[in-house]
J.: 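Structure below; questions to follow.
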Amino acid sequence: MSPLHLQKTLLLLPLLFLTLLHHSAWAKVEVQVEESVEAYLGDPAQIPCLYSFTDVESEPRFVMIQWFVRVSGSSSRIRIFYGDGDQQIVDNNTDYSGRIEVTSDGRGSKLSIQDVRLQDEREFLCQINGLSAGNAEGRTHLRVFATPEAPLIEGVSSGISVTNELPSKVASCEARNGFPKPNITWYRNGSPLNSEPGHVNVLILVTRESSGFFSVQSTLEYKVLKEDTDSQFSCELSFFVPGAIRTAESSSVNVTVHYPTTMVELWKESPQGLVKEGETVQLRCQGDGNPPQPFTFSREQELDVDLESNHGDVLTLSPVSRKDSGIYQCRPLDSEGNSDVKGEMQLTVHYLDPAVVVPKESEVMLRGEDLTATCNALSSLETSIVWYKDGKRVGTGNTLHLKDATYQTTGEYICEVTVPSLPALHTSGSVNIIVQGGPQLVGSDQDVQLEEAAGRTVNLSCEATGRPLPNLSWSLSSSQSYQEVVSRSNDHEALSVVSVLVTADFSAVCNASNDLGTESKTFSIRAIPRLTSAAPFSPAEGSGIIIVVIILSLLLLAILGSVLYFLHKKGKIPCGRSGKQEITKEKTTKDDIVVEMKSTTKTEDAVLLKAVNGDKPNDQ
Ligand SMILES: *[C@@H]1O[C@H](CO)[C@@H](O)[C@H](O)[C@H]1NC(C)=O
Ligand SMILES: *[C@@H]1O[C@H](CO)[C@@H](O)[C@H](O)[C@H]1NC(C)=O
Ligand SMILES: *[C@@H]1O[C@H](CO)[C@@H](O)[C@H](O)[C@H]1NC(C)=O
Ligand SMILES: *[C@@H]1O[C@H](CO)[C@@H](O)[C@H](O)[C@H]1NC(C)=O
Ligand SMILES: *[C@@H]1O[C@H](CO)[C@@H](O)[C@H](O)[C@H]1NC(C)=O
Ligand SMILES: *[C@@H]1O[C@H](CO)[C@@H](O)[C@H](O)[C@H]1NC(C)=O
């Protein structure tokens, strides 16, 4: 306290004493102040202090105004201002020296504080002393506010297991440099989380900075549930501002929730559809746990044998065979003794074995015989069998009946085995059927008898069927010379035509033979002496005879014509033939072969004609 100040106080003391003495008897002074005044840090603050006297007549001329501040943590006070009618003094060496200003009029005093500091959060007292009117004081609490920094949240990056027995740290939130102390509230998906023993713990750490600010750190401990995988956690900061409470929200964090596997699924990932032998099969196992766990794979038949899986959740079987069919299982590697948690599936590997055809490879059968061939291929699925010969479908099903075999029956029979439900599976087998038979001469039932003018040539035709292909050989009587002019054959038909110069009667034998037999056909040819050389006529006689011959010939022709016409009408003679025809033989064999003799007077050559099944006659 300055000497001047002290002097003044000492001077006033007796007055004060008097005032107190007569307090109840004299007029009273009344002070009216606000309970509190609020201001932001750094802002100016004004604390008003109004006074009045109960007895207006005795209102004193002399009023003394003093402002004090309370020393925190004690009941003592420090004066910061003194004023009376003469002087206005801001006390030296206080927190407020140079920072305050007091304005007064007859009714009140107003303390103005500049640049409000944190230390200004205290009680301000205004004391009015009206001497005889007595004295009074009012107290105002100055509240200082500093907005804290925005809250910072930090989530826990490691996974949190739902099996943890106690709440685990989920996130922490910090708000720095606020005044007064701010609060932190936790939110989960927008709803506040209140402390709840065993489920939610909130640990708060409040720090008073050297600067006087409060920093608050809050840690949320929470017992996570599986559903919290998608939960968003945030913290909200609430702090006082003059006349209100404000809030500031942090950003949201999520947590990685770890939970055990309770369900496992096993399925075939590839290939799509039915599986056949030789393919690569991938089975995938998936559980509902987090983090995803590796699995062990096994077959139900041999549970104790673990199968190799390359990615922990995929079992690759390559290539599969029917032996790989069966029930497969997968279990979480760390199933924590809970072996009930497993995935299971049935794998079926389909197959089609090579076709087995009976008879094998090739089979010889005789003409007219019957044969039943079978074709079988073992498969896990229903098969369909079709028989083909020369690219044409000849039968279906696993048996093929060949009845009354002919040489055309000969050939390769292929059975195609397919699996309609799995077209990629197919196989085939084949058998070679060879139909054999002894030689059969075409038109061999009757021997052939011919007449031919001597000196002409006659063509003798011999045709035979049979397998192996018959050998055709000729033998002629009386050392007749002959020449083979046609020799043709296919796999079961042989044709031989020999040309013989007729000099005298002779017979010819065509011998058809193969391993299975021999058959022969005999041609008997009668040589007719030549007319020209045997009958020399005179011209006169000759003309008469010629006329008679002509007439007879005409008559004969007419008769012949009508006979031919009649036969033609009945369809006995094939169309398209011209000239005279003498039918020496008209016999339809089994193979419908017609052998006929045709002779014309002009050439008087004998021609053997043949027609097979409506074929054109052989070229002459
Ligand atoms: C306060 O100090 C100033 C100078 O430092 C001086 O002039 C003044 O008289 C002092 N006032 C009081 C009340 O001591
Ligand atoms: C969780 O947060 C991470 C990064 O913070 C983000 O990548 C992920 O998508 C979030 N998950 C959910 C479910 O919000
Ligand atoms: C902080 O919490 C306390 C206790 O619940 C409460 O009295 C005070 O008003 C709160 N402060 C704010 C800024 O919300
Ligand atoms: C006999 O056959 C040969 C060859 O086909 C032919 O050239 C010849 O003219 C025929 N002879 C007779 C008399 O038909
Ligand atoms: C067929 O006849 C020829 C001669 O005419 C003979 O050389 C051959 O061995 C005969 N073949 C058979 C199978 O009889
Ligand atoms: C026909 O040929 C076979 C075998 O070559 C022979 O055994 C048979 O005697 C022959 N027959 C005639 C009539 O020539």
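Since the structure is predicted, the reported quantities are computational estimates derived from the model, not experimental observations. Positions are given from 1 along the sequence. One-based numbering, in listed order, for ligands and for the atoms of each.
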J.: Pairs in or reaching into residues 183-251: which pass disulfide bond (SG atoms under 2.5 Å apart), with residues at least two apart or in two chains?
T.: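 Applying disulfide bond (SG atoms under 2.5 Å apart) to every pair that reaches into residues 183-251, excluding sequence neighbours, yields C173-C235.
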J.: What residues, two or more places apart in sequence or in another chain, satisfy side-chain hydrogen bond (donor to acceptor under 3.5 Å, both in side chains) together with S234?
T.: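 With sequence neighbours excluded, S234 shows a side-chain hydrogen bond (donor to acceptor under 3.5 Å, both in side chains) to no residue whatsoever.
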J.: For F523, is there any backbone N or O sitting under 3.5 Å from a side-chain donor or acceptor partner on D447?
T.: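 Checking the backbone N and O of F523 against the side chain of D447, no donor-acceptor pair under 3.5 Å is found.
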J.: Any donor-acceptor pair under 3.5 Å linking the side chain of N254 with the backbone of S231?
T.: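 Absent.
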J.: Does the side chain of D120 pick up a donor-acceptor pair with the side chain of Y96 at under 3.5 Å?
T.: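 Present: a donor and an acceptor within the cut-off.
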J.: Show which atoms of ligand 4 fall inside a sub-4.0 Å distance from at least one heavy-atom site of N459.
T.: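 Those qualifying, in numeric order: 1 (C), 2 (O), 3 (C), 8 (C), 10 (C), 11 (N), 12 (C), 14 (O).
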J.: Show which side-chain atoms of residues 174-184 pair as donor or acceptor with protein atoms under 3.5 Å away, not counting sequence neighbours.
T.:
from	atom 1	to	atom 2	distance (Å)
N177	ND2	E149	OE2	3.1
K181	NZ	N183	OD1	3.2

J.: Will you find, in the side chains of S496 and E484, an N or O donor that is under 3.5 Å from an N or O acceptor?
T.: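 Yes, a side-chain donor-acceptor pair sits under 3.5 Å.
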J.: With a cut-off of 4.0 Å, which atoms of ligand 4 are near a heavy atom of T457?
T.: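 What qualifies from ligand 4 is 13 (C).
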J.: Can you name the residues that come within less than 4.0 Å of ligand 3, going by heavy atoms only?
T.: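 Residues near ligand 3: N183, S238, F239, F240.
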